[in-house]
Amino acid sequence: MHRWSQTLIPTTREAPADAESPSHILLSRAGYIRKLGSGIYDYLPLAWRSLRKISQIVREEMDATGAAELCLPVMLPIELYAGTKRDVDYGDLLFKVTDRKGAVAALGPTHEEPITELVRGSINSYKQLPLSLYQVQTKFRDEARPRSGLLRCREFIMKDAYSFHMEVEGAGGLNETYDAMYRAYSNVFKRCGLDFTVVEAEAGPIGGSASHEFMVNAASGEDTILKCPVSGYAANVEKCEIGVREVSGGAFDGSPTGELAEVHTPNLPGIDEVGKFMKVKPDRMLKTIVFRVVGDAPTKWVLAVVRGDHDVNEGKVKSVCGHQVELAPEKEARAAGFAIGYVSPRAVNSVPGVLMLVDPDVAGGGFWATGADKPDHHVKHFNWKRDVGEKLGDPRYVKLADVRNALAGDPSPRAAGARLETGRGIEVGHIFKLGTKYSDAMDLKMLYKEQQRSVIMGCYGIGVSRTMAASVEQNHDENGIIWPAAIAPYHVLITLMKPDQASHVEAAGRIAASLSEAGLDVLIDDRDERPGVKFKDADLIGVPIRLTIGDKALAEGGVEFKLRRDVAAKGEVVRLDQVTSRCSSAL
RNA sequence: CGGGGUGUAGCGCAGCUUGGUUAGCGCGUUUGACUGGGGGUCAAAAGGUCGGCGGUUCGAAUCCGCCCACCCCGACCA
């Protein structure tokens, strides 16, 4: 039981000017967080209580999977990254500090390296596996653009877990732990009282559905997620498959709509501008993106052709063509003969070593406009058969394939006839089958089945501070936060109307003691403030239950009981001897 | 990293274009009075390196230069 006057809850009428998202505004106004620098926040007492409750739920669920908690250093000698090269891959995202001797340390953005190092040095035999270890700790990432308060910080609290195995399948294998983590994560967010969606994410090196993201559903979320309402399939944009799409009139089969006509289109940077200029809607234009194949292969370039109003999905391009690819560097692409910005599918004939991937939505007949393969020009009345010709039928050069991001209304990949729907989400958890990336790089091997074999790893993260903010994004109204009981800083707020009247104070004390006895966390607002101020603050900080102690209700032998989430409801008088049970059952 | 913007009291802002008394306003804070169930009223008061450094000028919050910090859009985001 705590008293408002004895803790620190600096509520404000106005939010800092830089706060825009609901969680940032409300957590700031309600006295949970203060900004100390870009992407760096103080966690005040209320925030810390919520964070501890979230952490506690996480710990219980992690422990239930058999994982053991430990705590690794924040400062990691840069030499630790020698094997994995992540100091380079992470680039500027990695915070670095230099000590008095000039030695550089990274502030851990995540802890694959130290955990792998630890296990390598302390586990000698495969018989000691499987093993899962986790920590709840402050992480550092020098984000290019911190934003939205706690949602994207440079210093944040994260639970990260790592598991070690010799096999993928079977008892003690990676999959077994992965599935246990999946269930644990579902339990965590369920217990936190959050509405969330689990989505398939970018596949890991082992393939299959090797990665899942746990997304809190919130309109203000940064990530788009797609769901099939029939099968329950859900995925993020990077990953989402699209069901079978019919090509109207057959692939590459339509007859020309007119003579190929060149149009001069100078100084028009994007599809939209070109379309307007030519009086063609973007959905009748072909967008041809040039990718370069990384490494040595007979195929040097990959073209991805999608509709002007669609986006190419690089991951899909990679998996369809079977090569590692990257967006072609402009200089090299030009040197090879691509008129970057004005490339058409005809480039498959004019440049050697090209594989062209055509999205089903553009393979049909009808009118098409596209680039003219020379600067500042586009063409109208493009026709596949006439303008590309025989390579269309040859899968060595042209493939019909899903290479774009999924959109609302696309066919579901899991249920015939169903259509994908979109929603917004905030990523709060991510589980990932790492495979042997780190054990290979850092030489974590065990003698197993008469061979030295790399240990197979999984990693599992929960953004603890982000989860708190995500909850506010999902649960608030114009007056303030509305906490799910499980992660509210307090369960009950007792508002004293007359903190200077002994009988009121005494009643509050008795009720608080009884509630504490029943396991509820209680905050007594004992400030000498006007009722209006106290009620406004009560709504703002979002404690689930408010008990108001004043003359009115006391005269009736009770106190006023009100749930934060029942915005319109008037307080209900509850008899003193029933308050505790009423509060307990309401949570 | 590209584009745009901001920095003046604890918070939110005006003043800057066109340099010139003691730099204002709202909220908050302090004191007093009245009040007392949804941020109350009146009165008095405290609180400022005008982001920093340099320059122009008799004189700079205001004009010029450099730097720093922060925000927004984009790129990026295991």
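Throughout, a chain's letter reflects where its sequence line sits, starting with A, and its residues are numbered from 1.
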Is there a side-chain polar atom (N or O) of A:Lys570 under 4.0 Å from OP1 or OP2 of B:rG37?
no
Out of B:rG40, B:rC70, B:rG38, which nucleotide sits closest to the side chain of A:Ser38?
B:rC70
Does B:rC76 have a Watson-Crick or wobble mate here (both distances under 3.5 Å), and if so which one?
none
Nearest to the side chain of A:Glu529, which nucleotide is it out of B:rG39, B:rG36, B:rU29?
B:rU29
Does A:Phe156 have A:Lys139 sitting over its ring (NZ/CZ under 6.0 Å from centre, angle to axis within 45°)?
no
Mind checking A:Glu20 for me? I need base, sugar-phosphate or nothing, with any heavy atom below 4.0 Å counting as a touch.
sugar-phosphate
Separation of the C1' atoms in B:rC68 and B:rC77, to the nearest angstrom
26 Å
If you measure from the P atom in B:rG12 to the same atom in B:rG74, how many Å do you get, rounded?
24 Å
Of the listed nucleotides B:rG12, B:rG39, B:rG36, the one nearest the side chain of A:Pro16
B:rG12
With P as the reference atom in both, quote the distance from B:rC50 to B:rC11 in angstrom, rounded to an integer.
16 Å
If you check every side-chain atom of A:Arg152, which of B:rG37, B:rC70, B:rC77 has the closest atom?
B:rC77
Partner nucleotide of B:rG38 by Watson-Crick or wobble geometry (both distances under 3.5 Å)
none
Across all strands shown, which nucleotide pairs with B:rC13 by Watson-Crick or G-U wobble geometry, both distances under 3.5 Å?
B:rG24
Looking only at the aromatic ring of each residue, does the gap between the centers of A:His24 and A:Tyr41 stay below 6.0 angstrom?
yes
Which nucleotide sits closest to the side chain of A:Arg546: B:rG38, B:rG39, B:rG37?
B:rG38
Sticking with atom C1', work out how far B:rU49 lies from B:rA60, rounded to a whole angstrom.
15 Å
Which part of the nucleic acid does A:Lys552 contact within heavy-atom distance under 4.0 Å: base, sugar-phosphate only, or nothing?
base
At 4.0 Å (heavy atoms only), tell me whether A:Arg86 reaches a base, stays on the sugar-phosphate, or touches nothing.
nothing
Pairwise P distance for B:rG19 and B:rU57, with rounding to whole Å
16 Å
Considering Watson-Crick and G-U wobble pairs with both distances under 3.5 Å, what does B:rU56 pair with?
none
Below 4.0 angstrom, N of the basic side chain to O of the carboxylate: do A:Asp309 and A:Arg307 qualify?
yes
Think A:Arg13 has a side-chain N or O under 4.0 angstrom from the OP1 or OP2 of B:rG28?
yes
Would you state whether a donor and an acceptor, one from the side chain of A:Arg145 and one from the base of B:rG3, lie under 3.5 Å apart?
no
Counting side-chain heavy atoms from C-beta on, which of B:rG38, B:rC70, B:rG39 comes nearest to A:Arg154?
B:rC70
Within the 4.0 Å heavy-atom criterion, would you say A:Asp537 contacts the bases, only the backbone, or no part of the nucleic acid?
base
Can A:Arg424 and A:Glu222 be said to form a salt bridge (Lys or Arg N to Asp or Glu O under 4.0 Å), step by step?
CA-CA 7 Å; A:Arg424 307 288 289 175; A:Glu222 277 188 334; over 6 Å; no
Spacing of the C1' atoms in B:rC63 and B:rU56 (rounded, Å):
8 Å
Does A:Ala538 reach a base, just sugar-phosphate, or nothing at all? Heavy atoms under 4.0 Å.
nothing
Where each residue is assigned the nucleotide of RNA chain B containing its nearest heavy atom, which of A:Ser148 and A:Met158 is assigned the position nearer the 5′ end?
A:Ser148
Residue matched to B:rA61 through Watson-Crick or wobble contacts both under 3.5 angstrom:
none
Applying side chain to side chain donor-acceptor pair (under 3.5 Å) to A:Glu473 and A:His476, what does each step give before you reach the verdict?
CA-CA 7 Å; A:Glu473 291 289 329; A:His476 68 271; 5.8 Å; no
Would you mind telling me which of B:rG26, B:rC70, B:rU29 lies closest to the side-chain atoms of A:Glu14?
B:rG26
Polar pair under 3.5 Å, donor/acceptor by atom type, side chain A:Arg530, base B:rG36:
no
Can you tell me how far P in B:rU41 sits from the matching atom in B:rU35, rounded to whole Å?
16 Å
From A:Met457 atom CE to A:Ile115 atom CD1, the distance as rounded to the nearest 0.5 Å
7.5 Å
Using the six-membered ring wherever Trp is involved, compare the ring planes of A:Phe140 and A:Phe95 and label them parallel, tilted or perpendicular (cut-offs 30° and 60°).
perpendicular
Please work out whether the ring planes of A:His212 and A:Tyr182 are parallel, tilted or perpendicular, with thresholds of 30° and 60°.
perpendicular
Could you please name the option among B:rG40, B:rG39, B:rC76 that lies closest to any side-chain atom of A:Ala144?
B:rC76
5'-most contact on RNA chain B (nearest-nucleotide basis), A:Glu222 vs A:Asn479, goes to A:Asn479
Taking pairing as Watson-Crick or G-U wobble with both contacts under 3.5 Å, can you name the mate of B:rA69, or confirm there isn't one?
B:rU6
Which base, if any, makes a Watson-Crick or G-U wobble pair with B:rU29, both distances under 3.5 Å?
B:rA45
From B:rG37, B:rC71, B:rG40, nucleotide with atom closest to A:Asp18 side chain:
B:rC71
